[in-house]
Amino acid sequence: MHIKGDHAELVVGGRLDVRSAADARTALHTAVDAGGGDLVLDLTELDSWDATGLGVIMGAHRRAGRVGRRLVLRGVPPQMQRLLVATRLHRILAIEGGLEAESLPRV
């Protein structure tokens with residue numbers, strides 16, 4: 001897993017999972033605390049995430065809200081979009097451009 005960027009935009013790549021959660025949490029919390037306005041997480045380079053990784057994202061979302069910021073996800077890969085829909089987190093998290101229609105459940 002790698003995270004690069006600053007307090008306004010971070011690019012997250014690789015696997016965001018139980019092994020990388022502590023480092024990711026530290027990087028995200030530092031970015032949230034260091035800036036103002038929206039914090040954009042560009043996930044186009046993210047290969048996968050597990051429940052722990054998703055928890056890190058949610059923790060950063062809550063922390064951003066507490067300091068008057070908004071966490072915005074950009075470039076969410078389709079398989080991760082489906083997970084956000086399945087867990088209904090797409091209703092809570094800000095996702096730039098919304099979700100692709102094919103990732104939403106069919107009724």
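A quick note: this is a predicted structure, and the numbers were derived from the prediction, not measured.
- Connection of I92 to V76 is established within a shared hydrophobic cluster, with ILVMFWY side chains joined at heavy-atom distances below 4.5 Å, either directly or through further cluster members.
- Considering all non-hydrogen atoms of both residues, L84 and T87 come closest at O-OG1, 3.3 Å.
- A chain of hydrophobic side-chain contacts below 4.5 Å, direct or via other Ile, Leu, Val, Met, Phe, Trp or Tyr residues, connects I3 to I57.
- At a threshold of 4.5 Å between side-chain heavy atoms, the hydrophobic network of Ile, Leu, Val, Met, Phe, Trp and Tyr places V85 and W49 in one connected group.
- R69 contributes a side-chain N or O that, together with a main-chain N or O of G37, makes up a donor-acceptor pair within less than 3.5 Å.
- Between L10 and A27, the closest heavy-atom pair is CD1-O, 4.4 Å.
- Counting heavy atoms from C-beta outward, L41 and L28 have side chains that approach closer than 4.5 Å.
- No continuous path of hydrophobic side-chain contacts links V18 to L16 [ILVMFWY only; heavy atoms under 4.5 Å].
- Considering only heavy atoms from C-beta on, S20 stays 4.5 Å or farther from D23 through its side chain.
- V72 places none of its side-chain heavy atoms less than 4.5 Å from the side chain of I95.
- Closest non-hydrogen pair, A31 versus D6, comes out as CB-O, 4.0 Å.
- When all heavy atoms of R63 and D33 are compared, the closest pair comes out as NH2-OD2, 2.7 Å.
- Between the CG atom in L54 and the CE atom in M80 there is a gap of 10.5 Å [rounded to 0.5 Å].
- Within the 4.5 Å cutoff, side-chain heavy atoms of P77 are placed close to those of L43.
- Checked against side chain to side chain donor-acceptor pair (under 3.5 Å), R74 has the following partners two or more places apart in sequence or in another chain: E9, E96.
- The pair R15-D50 does not count as a salt bridge, with every side-chain nitrogen at least 4.0 angstrom from each carboxylate oxygen.
- Contact between R70 and A94 at its shortest, heavy atoms only, is NH1-CB, 3.9 Å.
- Here S48 contributes atom OG and D17 contributes atom CG; the two are 6.5 Å apart, rounded to the nearest 0.5 Å.
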Could you go through the side chain to side chain contact (heavy atoms under 4.5 Å, CB included) check for H2 and E45 one step at a time? CA-CA 9 Å; H2 66 272; E45 297 179 18; 2.9 Å; yes
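- Listed by chain and number, the residues in a side-chain contact (heavy atoms from CB on, under 4.5 Å) with R91 are R88 (sequence neighbours excluded).
- Summarising the geometry of M58 relative to L93, their closest heavy-atom pair is SD-CD2, 3.7 Å, with the distance given to 0.1 Å.
- The side-chain heavy atoms of L83 and L89, taken from C-beta on, include no pair separated by under 4.5 Å.
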